[in-house]
Amino acid sequence: MYTTLLEVLKDAISHLMRANYNLSEEDPEAFRIEIPPERKFGHFSTNVAMVYAKVLKKAPRLIAQTLVGGLEALPYIASVSIEGAGFINFFLKPSYFQERTLKILQGEYASSLSLMPAESIQFEFVSANPTGPLTIGHGRQAVLGDILSSVFQKAGVAVTREYYFNDAGKQMKLLSRSLWVRYNRLCGSEYEIPEGGYHGEYLVDIAERFHNESGAVYKDQWDDSIEAIFMERAKNEIFQMIKGTLEAIQIHFDVYYTEASLFRDGIVEEVLEQLKGREALYEKDQALWFKTSDFEEDQDKVLIRSDGMATYFLTDIAYHYEKYRRGFSKVYDIWGADHHGHITRMNAAMKALGIPEGFFNVILHQMVSLRQNEEIVKMSKRAANFVTLDELVRNVGKDAVRYFFAMVDKDSQLEFNIDLALSRSMDNPVYYVQYALARIHSLFENARNKGFTYTENQNLDRLDSEDETFMIRDLLLFPEVIRDICTTQQIHRLTNYLYGLAYAFHNYYTGHVFVDPDRPELSNARLNLASAFRKTIEEGLKLLGVTAPERM
RNA sequence: GUGCCCGUAGCUCAAUUGGAUAGAGUAUUAGACUCCGGAUCUAAAGGUUGUGGGUUCAAAUCCCACCGGGCACGCCA
């Protein structure tokens with residue numbers, strides 16, 4: 001396991017506390033190593049004295065006082081002070097930061113960091129049915145799922161990205177009929193798009209192509225086989241559209257899983273058998289019900305409708321049963337907040353099947369709303385008043401789209417200003433971060449032009465000013481951010497972090513000359529610092545799926 | 001009515017998940033190297049963190065009650 005800097009510091013302080021006080025194993029170690037709000041407080045601080053004040057029945061500042069000597073004796077500590085209510089603030093020696101910079105330069109962050117157990121985990125996301133183009137709501141989910149997957153991989157987890165879709169079912173029947181209506185209109189026959197059907201323009205396009213190819217042979221004709229033909233046609237064309245959009249935003253799935261295969265492979269049947277064996281089923285009103293209420297605080301749900309068709313709930317249970325059989329130690333489903341009601345009953349089903357707690361996990365994200373002409377527009381695929389993800393990506397580019405979706409906390413609703421997004425190049429800090437890389441690249445170009453020979457890993461001892469040690473401290477937090485995201489699923493921490501690195505760099509850049517031929521050693525040291533920034537920012541952008549450009 | 005999420009500067013969002021003077025961008029104003037990319041930097045102004053209680057050394061953060069917004073409560077997915 002990779003040990004982060006904060007863990008090293010925490011262990012050291014924990015050790016000191018045990019040496020100085022008679023602490024039992026049960027004593028909580030809820031104290032933290034923190035990043036102080038201001039430089040004058042040090043590189044790091046800890047609240048350990050305040051946290052233990054109650055247990056030890058001593059004043060925080062007194063406890064802090066007993067730790068100072070031990071801390072100062074640590075080889076990498078430069079100075080220690082006590083401030084405020086009992087904060088212990090400390091500076092690390094420049095030599096320590098220099099050693100760590102060397103590791104970054106040698107590619108420490110480029111490989112897997114082994115921050116989490118090396119399990120096999122699945123992320124399921126997007127999973128939109130092929131009934132229409134992806135919306136910008138799907139965009140948020142796609143970006144969230146893809147970045148989480150990448151971050152977990154970086155942390156040493158074996159990740160499978162999976163897309164599940166429904167290619168049978170009631171909605172597909174409605175889709176088929178909707179296409180058929182559009183097609184008949186081209187043949188000169190008027191029919192109504194069915195209740196709950198699809199009104200989007202994209203079906204008109206598909207109908208046109210189909211009509212051009214096959215003429216009017218299906219005019220006024222409708223039976224099961226024709227329904228299947230139109231369903232297949234709509235599904236295939238729409239799914240190609242969806243895959244094209246995913247490609248444009250650079251999201252690649254390892255597995256596309258279809259609902260139909262759950263029936264074909266007998267998994268639905270097997271699940272029904274199992275549930276029946278556990279007496280979790282009953283019949284009522286010609287339908288088959290699952291006793292949700294036996295397992296969770298929720299109402300019982302229908303698994304097989306009175307018309308004999310399986311509900312989405314049943315196939316979803318079968319699907320997750322199948323995931324379990326595939327041997328993942330854990331799966332994460334990423335759902336929009338509108339699906340949260342589904343969680344409890346799924347948990348109930350997992351219990352009924354004897355699948356261990358903790359296997360099935362849901363990551364919810366809040367909705368995306370659109371603002372256009374000062375108005376909030378509600379999105380609905382069926383009503384066809386949505387802005388497509390494809391449109392957005394074409395207009396502003398995948399980097400801006402990915403960064404923009406990643407930077408907002410998944411638990412916050414996201415208000416999306418269409419006019420702003422589509423007109424200018426969206427007000428997006430991604431350029432700020434990318435610009436730092438472009439600047440670093442041109443620094444090295446400039447050095448070459450001046451005939452300066454850059455030597456990587458040399459002269460790091462010249463990185464000893466306060467500006468530089470604080471910058472390196474920030475670089476050392478990269479693994480911390482990765483792990484935090486694994487535990488909180490808050491990918492916006494990564495954009496915050498990278499923005500902070502870019503800020504630190506831009507700031508330093510303005511106040512310091514990097515390439516000064518009269519001071520070759522100092523220049524070389526600073527170029528090494530720039531290189532360490534580049535490597536760290538590049539790794540971060542890679543996780544975000546955002547381009548790390550040399551020029552802009 | 002019940003459950004989940006949210007409410008922070010004019011606007012869009014942060015806040016190291018209980019820490020020190022609540023910060024960025026944007027919009028407004030005033031500035032910056034004859035020099036490595038001005039897509040940058042520095043500063044001013046902008047706040048009773050929806051309201052009222054509570055918990056404690058410490059609350060935007062946790063608890064309770066209200067107010068406001070979103071979502072869900074189907075034999076839809």
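We use all heavy atoms of the structure for the numbers below, so side chains are in, but hydrogens, waters and symmetry mates are not. Residue numbering restarts at 1 for every chain, and letters A, B, ... go by the order of the sequence lines. Since we're looking at a predicted model, the values are computed, not measured.
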Quiz item: Does any nucleotide pair with B:G38 by Watson-Crick or G-U wobble geometry, both distances under 3.5 Å, and what is it?
Solution: none
Quiz item: Among B:G74, B:G19, B:C36, which nucleotide sits nearest the side chain of A:Leu443?
Solution: B:C36
Quiz item: To the nearest Å, how far apart are A:Arg483 CZ and B:U16 P?
Solution: 18 Å
Exercise. Looking at every strand, decide which applies to A:Lys40 at a 4.0 Å heavy-atom threshold: base, sugar-phosphate, or nothing.
Key: base
Practice problem: May I ask you to say what A:Glu38 touches in the nucleic acid, namely base, sugar-phosphate or nothing, with a heavy-atom cut-off under 4.0 Å? | Solution: base
Self-check item: A:Ser176 side chain vs A:Glu227 backbone, donor-acceptor pair below 3.5 Å
Solution: yes
Quiz item: Side-chain donor-acceptor pair under 3.5 Å between A:His492 and A:Thr495, yes or no?
Solution: no
Quiz item: Under 4.0 angstrom, heavy atoms only, what part of the nucleic acid is A:Thr344 near: base, sugar-phosphate, or nothing?
Solution: nothing
Quiz item: Taking any strand in view, what nucleotide pairs with B:G1 in a Watson-Crick or G-U wobble way, both distances under 3.5 Å?
Solution: B:C73
Quiz item: Just by distance, with hydrogens left out, do A:Tyr454 and A:Arg448 show a side-chain donor and acceptor under 3.5 Å apart?
Solution: no
Quiz item: Under the 3.5 Å rule, do the base of B:C75 and the side chain of A:Ser306 count as making a donor-acceptor pair?
Solution: yes
Practice problem: Decide whether A:Tyr257 and A:Glu124 meet the rule of one side-chain donor and one side-chain acceptor closer than 3.5 Å. | Solution: no
Quiz prompt | Side-chain H-bond candidate by donor/acceptor type, A:Asp411 with A:His365, under 3.5 Å | solution = no
Exercise. Under 4.0 Å between any heavy atoms, over every strand shown, what does A:Tyr503 touch: base, sugar-phosphate, or nothing? Just pick one.
Key: sugar-phosphate
Quiz item: Heavy atoms under 4.0 Å, any strand shown: does A:His339 hit a base, just sugar-phosphate, or nothing?
Solution: base
Self-check item: Spacing of A:Leu477 atom CG relative to B:U16 atom P, expressed in whole Å
Solution: 14 Å
Practice problem: Look up atom CZ in A:Phe125 and atom CZ in A:Arg140, then write down how far apart they are to the nearest 0.5 Å. | Solution: 15.5 Å
Quiz prompt | Short side-chain donor-acceptor distance under 3.5 Å, A:Tyr282 and A:Asp300 | solution = yes
Quiz item: Tell me: NE2 of A:His506 to P of B:A24, nearest whole Å?
Solution: 15 Å
Quiz item: With sugar-phosphate meaning primed atoms plus P, OP1 and OP2, does A:Ala337 contact a base, only sugar-phosphate, or nothing at under 4.0 Å between heavy atoms?
Solution: sugar-phosphate
Quiz item: Can A:Glu456 and A:Ser531 be counted as having a side-chain donor-acceptor contact under 3.5 angstrom?
Solution: yes
Self-check item: Spacing between A:Leu6 atom CG and B:U16 atom C1', to the nearest angstrom
Solution: 9 Å
Quiz item: What does A:Pro37 touch in the nucleic acid at a heavy-atom separation under 4.0 angstrom: a base, only the sugar-phosphate, or nothing?
Solution: base
Quiz item: Could A:Glu7 and A:Arg483 be called an ion pair, given the rule that one side-chain N must be under 4.0 Å from one carboxylate O?
Solution: yes
Which pairs, protein N/O on one side and nucleotides 61-63 of chain B N/O on the other, fall under 3.5 Å?
none

Practice problem: May I ask you to say what A:Asn89 touches in the nucleic acid, namely base, sugar-phosphate or nothing, with a heavy-atom cut-off under 4.0 Å? | Solution: base
Quiz item: Tell me: OH of A:Tyr509 to C1' of B:G38, nearest whole Å?
Solution: 10 Å
Exercise. Could you tell me whether the side chains of A:Thr4 and A:Glu480 share a donor-acceptor contact shorter than 3.5 Å?
Key: yes
Quiz prompt | Gap between atoms CG and P, on A:Asp399 and B:A39 respectively (whole Å) | solution = 18 Å
Practice problem: Would you kindly give the NE2-to-C1' distance between A:His340 and B:U2, to the nearest whole Å? | Solution: 10 Å
Practice problem: Considering only atom C1', compute the distance from B:G53 to B:C13 and round it to an integer number of Å. | Solution: 29 Å
Exercise. Just call it for A:Arg526: base, sugar-phosphate, or nothing, with non-hydrogen atoms closer than 4.0 Å on any strand.
Key: nothing
Exercise. Take nucleotides 5-13 of chain B nucleotide by nucleotide from the 5' end and write B, S or -, depending on whether a protein heavy atom sits under 4.0 Å from the base, only from the sugar-phosphate, or from neither.
Key: SS----SSS
Quiz item: For atom P, what is the distance between B:G54 and B:G10, given to the nearest Å?
Solution: 28 Å
Quiz item: Given atom CD of A:Glu34 and atom C1' of B:A20, what is their separation to the nearest angstrom?
Solution: 9 Å
Quiz item: Can you name the nearest heavy-atom pair linking A:Val302 to A:Thr311, along with the distance?
Solution: O-OG1, 3.0 Å
Quiz item: Which part of the nucleic acid does A:Asn507 contact within heavy-atom distance under 4.0 Å: base, sugar-phosphate only, or nothing?
Solution: sugar-phosphate
Self-check item: Pairwise P distance for B:C71 and B:A15, with rounding to whole Å
Solution: 24 Å
Quiz item: Which nucleotide sits closest to the side chain of A:Ala85: B:G74, B:G19, B:G37?
Solution: B:G19
Quiz item: Can A:Asp409 and A:Arg493 be counted as an ion pair, charged N to O under 4.0 angstrom?
Solution: no
Quiz item: Of the nucleotides B:C71, B:G37, B:G19, which has the atom closest to the A:Asp338 side chain?
Solution: B:C71
Exercise. Using a heavy-atom cut-off of under 4.0 Å over every strand shown, decide if A:Tyr432 touches base, sugar-phosphate, or nothing.
Key: sugar-phosphate
